[in-house]
Peer 1: 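Have a look at this one.
We're numbering straight along the sequence, starting at 1. The model shown is predicted, which means the values in this text are computed figures rather than measured ones.
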Amino acid sequence: MQFVDSHTHLYSEAFNEDQDQVIRRALDAGVKSFYLPAIDSETTQAMYELEKRYPNEMHLMMGLHPTSVKPESYKAELAHVKNQLEKRDFCAVGEIGVDLYWDKSTCSLQQECFRTQIQWAKEKKMPIIIHCRDAFDEVFEVLEEEKSENLYGIFHCFTGTLEQAKRAISYNMKLGIGGVLTFKNGKIDQFIKEISIDHIVLETDSPYLSPKPFRGKRNESSYLIYIAQKLADIYNISLEKVAEKTTQNALSVFKKYK
Ligand SMILES: [Zn+2]
């Protein structure tokens, strides 16, 4: 059985003390590949260092995270993303999107950066990884403008309604399902069965959003199994089937780049 963690920040400082053990535990649990979303220029070095040590397991994305979009620095940050995208291959443009939980004042600037990076992804026929927090309308507004057969990717940490899930899928997005699925008040467990598993990929978003029974603690990629098990229970299929399907789905998104 093999799993893919389609969204994990293993290069984060939260793993400074025990990064190798964390990766070892994940590999032992069957989580064999890791897709690492970028945040901003401050995380680039740590991502490269991790990739150097695990070249076959780590797959890097490049992008500017919406919470790092600041009026004084976004131009330099976007130039950094563009420069890196020109220099080498990445598996996706991400994570990008809109986050109105932390800061509403930069909403239109966040949308502008999201749009620009989507256009770069489309030119290069790369998938995008969307971060959306308290901002479904704002994210869908941009996706509606940019929809195209070259627009595809993953709606990471999906926490919306059934209607929003269907709309995300209509833009060629898979739904990234993580720890929230195991939360009592997470809501998505109520309707996810109505979405075909063909549209679902697994993720931890570690070090954030630990699944039950680790909720509130540091998350790590080996905990992906708890999310997979919950999905198996909901769909009433075997854990093996969940592994097979979600791995296939993730690889179909990331296929062009190693
Ligand atoms: Zn993330």
Side-chain angles (χ1 to χ4, degrees), residues 1-9 26 29-37 59 61 91-92 94-97 126-133 136 139-140 143 147 151-206 208-212 215 219-256:
M1 238 191 318
Q2 285 205 9
F3 291 95
V4 166
D5 191 347
S6 68
H7 195 111
T8 175
H9 299 268
V31 184
K32 303 291 187 192
S33 19
F34 308 86
Y35 291 82
L36 310 182
H59 309 285
M61 307 177 198
C91 66
E95 54 186 295
I96 61 175
M126 291 170 72
I128 61 168
I129 307 304
I130 301 172
H131 172 107
C132 170
R133 192 159 181 202
F136 273 102
V139 163
F140 284 143
L143 292 179
K147 66 182 174 192
L151 175 66
Y152 69 107
I154 296 172
F155 212 103
H156 136 69
C157 190
F158 183 81
T159 51
T161 63
L162 178 60
E163 285 65 38
Q164 286 163 334
K166 287 179 178 164
R167 191 160 175 201
I169 291 165
S170 79
Y171 297 118
N172 301 324
M173 297 297 148
K174 306 273 186 224
L175 307 178
I177 299 296
V180 174
L181 185 69
T182 68
F183 296 176
K184 254 207 183 88
N185 54 355
K187 295 198 184 84
I188 45 172
D189 59 320
Q190 309 291 321
F191 67 79
I192 204 72
K193 202 178 176 199
E194 293 177 52
I195 300 287
S196 161
I197 197 165
D198 292 341
H199 300 297
I200 289 175
V201 298
L202 294 177
E203 62 171 56
T204 58
D205 200 16
S206 41
Y208 315 106
L209 290 171
S210 275
K212 231 172 83 179
R215 194 173 177 183
N219 198 4
E220 58 175 76
S221 288
S222 66
Y223 298 169
L224 194 82
I225 307 307
Y226 294 86
I227 303 157
Q229 185 56 56
K230 177 77 181 180
L231 210 57
D233 295 345
I234 290 174
Y235 281 95
N236 197 19
I237 56 177
S238 66
L239 192 60
E240 285 78 8
K241 196 77 195 162
V242 170
E244 183 194 318
K245 278 284 186 189
T246 56
T247 297
Q248 214 174 52
N249 297 343
L251 296 183
S252 80
V253 174
F254 294 117
K255 61 179 181 273
K256 289 190 199 107

Peer 1: Less than 4.5 Å apart, any side-chain heavy atom of Thr8 and any of Leu36?
Peer 2: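 Counting from C-beta outward, Thr8 and Leu36 do come under 4.5 Å.
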Peer 1: For the atom pair CD1 (Ile197) and CD1 (Ile195), what is the distance rounded to the nearest 0.5 Å?
Peer 2: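 Between atom CD1 of Ile197 and atom CD1 of Ile195 there are 12.0 Å.
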Peer 1: Please enumerate all residues that pass side-chain hydrogen bond (donor to acceptor under 3.5 Å, both in side chains) together with Ser33, with sequence neighbours excluded.
Peer 2: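 Partners of Ser33 under the side-chain hydrogen bond (donor to acceptor under 3.5 Å, both in side chains) test: none.
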Peer 1: Quick one: OH on Tyr35 to CG on Asp5, what's the gap to the nearest 0.5 Å?
Peer 2: 10.5 Å
Peer 1: Which residues pass the side chain to side chain contact (heavy atoms under 4.5 Å, CB included) test with Lys193, not counting sequence neighbours?
Peer 2: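 Side chain to side chain contact (heavy atoms under 4.5 Å, CB included) list for Lys193, sorted by chain: Ile234, Tyr235.
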Peer 1: My understanding is that only one of Ile129, Asn249, Ile130 makes a side-chain contact (heavy atoms from CB on, under 4.5 Å) with Ile154; could you say which?
Peer 2: Ile129
Peer 1: Side chains of Leu175 and Ile169: does their closest heavy-atom pair fall under 4.5 Å?
Peer 2: yes
Peer 1: Excluding sequence neighbours, so at least two apart, what forms ring-ring contact (aromatic ring centres under 6.0 Å, His included) with Tyr223?
Peer 2: Phe214
Peer 1: Do Lys174 and Ser252 have side chains that get closer than 4.5 Å, going by heavy atoms?
Peer 2: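 Yes. Closest side-chain heavy atoms under 4.5 Å.
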Peer 1: What distance separates Cys157 SG from Arg133 CZ, expressed to the nearest 0.5 Å?
Peer 2: 8.5 Å
Peer 1: Which atoms form the tightest heavy-atom contact between Ser221 and Ala26, and what is the distance?
Peer 2: CB-CB, 3.9 Å
Peer 1: Can you list the residues that meet the side chain to side chain contact (heavy atoms under 4.5 Å, CB included) rule with Glu194, with sequence neighbours excluded?
Peer 2: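 For Glu194 the side chain to side chain contact (heavy atoms under 4.5 Å, CB included) partners, ignoring immediate neighbours, are Leu162, Phe191.
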Peer 1: Are the side chain of Thr247 and the backbone of Gln2 linked by a donor-acceptor contact shorter than 3.5 Å?
Peer 2: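 Yes, the answer is positive, given that a donor and an acceptor are paired below the 3.5 Å cut-off.
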Peer 1: Measure the spacing between CZ of Arg167 and CZ of Phe155 and express it to the nearest 0.5 Å.
Peer 2: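 Atom-to-atom, Arg167:CZ and Phe155:CZ are 9.5 Å apart.
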Peer 1: Find the distance between OG1 (Thr161) and NZ (Lys166) and round it off to the nearest 0.5 Å.
Peer 2: 9.5 Å
Peer 1: Run the salt bridge (charged side-chain N to carboxylate O under 4.0 Å, His left out) test against Glu203 and tell me which residues pass, sequence neighbours left out.
Peer 2: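 If we apply the salt bridge (charged side-chain N to carboxylate O under 4.0 Å, His left out) test to Glu203, skipping adjacent residues, there are no hits.
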Peer 1: So His59 and Phe254, do their side chains get closer than 4.5 Å, heavy atoms only?
Peer 2: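 Heavy-atom side-chain distance check fails, nothing below 4.5 Å.
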Peer 1: Can you find a side-chain donor-acceptor pair between Asn219 and Thr204 that sits under 3.5 Å?
Peer 2: no
Peer 1: According to salt bridge (charged side-chain N to carboxylate O under 4.0 Å, His left out), who are the partners of Glu240, at least two apart in sequence or on a separate chain?
Peer 2: none
Peer 1: Under the side-chain hydrogen bond (donor to acceptor under 3.5 Å, both in side chains) test, which residues partner Glu244, sequence neighbours left out?
Peer 2: none
Peer 1: Identify, with sequence neighbours excluded, every residue that meets side-chain hydrogen bond (donor to acceptor under 3.5 Å, both in side chains) alongside Lys245.
Peer 2: Asp198
Peer 1: Using 30° and 60° as the class boundaries, would you call the ring planes of Phe136 and Phe158 parallel, tilted or perpendicular?
Peer 2: perpendicular
Peer 1: What pairs with Asp205 under side-chain hydrogen bond (donor to acceptor under 3.5 Å, both in side chains), at least two apart in sequence or on another chain?
Peer 2: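 His7, His9.
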Peer 1: Could you pull out every donor-acceptor pair under 3.5 Å between side chains of residues 176-184 and any protein atom, sequence neighbours left out?
Peer 2:
from	atom 1	to	atom 2	distance (Å)
Thr182	OG1	Gly179	O	2.7
Thr182	OG1	Lys212	N	2.8

Peer 1: Mind checking what makes salt bridge (charged side-chain N to carboxylate O under 4.0 Å, His left out) contact with Lys32, not counting sequence neighbours?
Peer 2: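 Salt bridge (charged side-chain N to carboxylate O under 4.0 Å, His left out) list for Lys32, sorted by chain: empty.
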Peer 1: So, do Leu202 and Val242 sit near enough that their side-chain heavy atoms are less than 4.5 Å apart?
Peer 2: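 Yes - at least one pair of side-chain heavy atoms lies under 4.5 Å apart.
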Peer 1: Once you round to the nearest 0.5 Å, how far does OH of Tyr152 lie from CE of Met173?
Peer 2: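 Tyr152 OH to Met173 CE: 10.0 Å, rounded to 0.5 Å.
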